[in-house]
**Q** 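The following block contains the structure, expressed as structure tokens.
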There are 2 protein chains.
Amino acid sequence: MKTQLKKGTLDMCVLAALAAGDSYAYELVSILSRSMEVSEGTMYPLMRRLQAEAWVSTYLVESASGPSRKYYTLTAAGRQQLVLMQQEWQEFVGDVNSVLQLAAGRAKGESA
Amino acid sequence: MKTQLKKGTLDMCVLAALAAGDSYAYELVSILSRSMEVSEGTMYPLMRRLQAEAWVSTYLVESASGPSRKYYTLTAAGRQQLVLMQQEWQEFVGDVNSVLQLAAGRAKGESA
DNA sequence: CTCCCATACCTTGCATTACACGGTAGAGGG
DNA sequence: CCCTCTACCGTGTAATGCAAGGTATGGGAG
């Protein structure tokens, strides 16, 4: 029900996960699922977008327990983008929190 | 360009602003604009949604410098919802930050 | 051998929501 | 009369998360 909150942050989360090491979509879902809810239907289109932006590149690796895995690596541009996104994210969190604090005082009836 | 980040937070921001005192859409835009970018085209549909959820109620007040103003007040349900949203927001921020920190260590070549 | 499950890939269609753009209308100044 | 500021509103578009469904590989259960 709070899926709207994720809009725009998943890209950053995936890039961050990839900064910790190469991975593939199916695994990324389970990695991120440890901290937040994500579904496959979100992941695959997302990875396509990241690749279209040239923030990641791919290579195939055969698996002994199923189909080949499509691994993703951060490109230099991807690393740069991650830094940028983190800055925007923290700035945004600060903005929202400042709005929340604006209200906090008066909400309890403290008149001035 | 980071409009996606706002998805789902504007409702909360508006409710928070109203917790500090009744207001009308046009004014809410300028209030929130002090902390973040919002446009009128966003505000009016948003207010209708909040009202449809019964989180706010309205009353008209004539103005000496233009058309009548449609003021919005938080309902009891609105106050409750604000608290809920704030909890979800902080939880979400924590989740995202934990993902970001996951990557932080290894990104610099610290091989555990 | 067959069936099923876990792995791993992918697509289509839907819902939500922020915003640009455009339109209406009152009050006051040039 | 026109223009600006205030203040309201609607339509259509873009972005994106997700449910649901589809394909294929490999191994274990029956």
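What's counted below: heavy atoms across the whole structure, side chains too, no hydrogens, waters or symmetry copies. Every chain is numbered from 1 and lettered A, B, ... according to where its sequence line falls, protein lines coming before strand lines. All values reported here derive from a predicted model rather than from experimental measurement.
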**Q** Checking B:Leu10 against B:Met36 for the side chain to side chain contact (heavy atoms under 4.5 Å, CB included) test, could you report, in this order, the C-alpha distance in whole Å, the side-chain angles of both residues, the deciding distance, and whether it holds?
**A** CA-CA 10 Å; B:Leu10 287 185; B:Met36 59 201 308; 4.1 Å; yes

**Q** At under 4.0 Å between heavy atoms, which parts of nucleotides 10-21 of chain C does protein reach? Answer with one letter per nucleotide, 5' to 3': B base, S sugar-phosphate only, - none.
**A** BB----BBSBBB

**Q** Reading nucleotides 25-30 of chain D from the 5' end, what letters show protein touch, with B for base, S for backbone sugar-phosphate only, - for no heavy atom under 4.0 Å?
**A** BS----

**Q** How long is the line joining CG of A:Leu60 and P of D:dA24, in whole Å?
**A** 17 Å

**Q** Should A:Thr58 and A:Met47 be marked as a side chain to side chain contact (heavy atoms under 4.5 Å, CB included) after you check the CA-CA gap, both sets of side-chain angles, and the distance that decides it?
**A** CA-CA 10 Å; A:Thr58 69; A:Met47 297 314 295; over 6 Å; no

**Q** If hydrophobic residues (ILVMFWY) are linked whenever their side-chain heavy atoms come closer than 4.5 Å, directly or via other members, who joins A:Tyr59 in its cluster?
**A** A:Tyr24, A:Tyr26, A:Tyr44, A:Val61, A:Tyr71

**Q** Restricting to side-chain hydrogen bond (donor to acceptor under 3.5 Å, both in side chains), what partner residues turn up for B:Glu27, sequence neighbours left out?
**A** B:Ser23

**Q** With sequence neighbours excluded, tell me which residues meet side chain to side chain contact (heavy atoms under 4.5 Å, CB included) with B:Ser33.
**A** B:Val29

**Q** Is there a side-chain contact between B:Tyr24 and the phosphate of D:dA7, meaning an N or O under 4.0 Å from OP1 or OP2?
**A** yes

**Q** If I take atom CG in residue A:Leu32 and atom P in nucleotide D:dG17, what distance separates them, rounded to the nearest angstrom?
**A** 12 Å

**Q** May I have the distance from A:Met36 (atom CE) to D:dG17 (atom C1'), rounded to whole angstrom?
**A** 11 Å

**Q** Distance check needed: D:dC9 P versus B:Met47 CE, whole Å only.
**A** 10 Å

**Q** Who are the side-chain hydrogen bond (donor to acceptor under 3.5 Å, both in side chains) partners of A:Thr42, not counting sequence neighbours?
**A** A:Ser39

**Q** Counting just side-chain N and O atoms, does A:Tyr26 come under 4.0 Å of either OP1 or OP2 of C:dT7?
**A** yes

**Q** Could you give the CZ-to-C1' distance, from B:Arg69 to D:dT6, as a whole number of Å?
**A** 8 Å

**Q** Show which side-chain atoms of residues 92-99 of chain B pair as donor or acceptor with protein atoms under 3.5 Å away, not counting sequence neighbours.
**A**
| unit_1 | atom_1 | unit_2 | atom_2 | d |
| --- | --- | --- | --- | --- |
| B:Asn97 | OD1 | A:Trp89 | NE1 | 3.1 |
| B:Asn97 | ND2 | B:Val93 | O | 3.3 |
| B:Ser98 | OG | A:Ser35 | OG | 3.4 |
| B:Ser98 | OG | B:Asp95 | O | 2.7 |

**Q** Once side chain to side chain contact (heavy atoms under 4.5 Å, CB included) is applied, do any residues pair with A:Ala77, and if so which ones, sequence neighbours excluded?
**A** A:Trp55, A:Thr75

**Q** Going by heavy atoms closer than 4.0 Å, what residues in residues 84-95 of chain B are next to DNA chain C?
**A** none

**Q** Without decimals, in angstroms, what is the distance between A:Lys2 NZ and D:dC18 P?
**A** 11 Å

**Q** Applying side chain to side chain contact (heavy atoms under 4.5 Å, CB included), can you list everything that pairs with A:Thr3, at least two apart in sequence or on another chain?
**A** none

**Q** Other hydrophobic cluster members with B:Leu84, side-chain heavy atoms of Ile/Leu/Val/Met/Phe/Trp/Tyr under 4.5 Å, chained?
**A** none

**Q** Please identify each residue that fulfils side-chain hydrogen bond (donor to acceptor under 3.5 Å, both in side chains) with B:Thr73, with sequence neighbours left out.
**A** B:Asp22

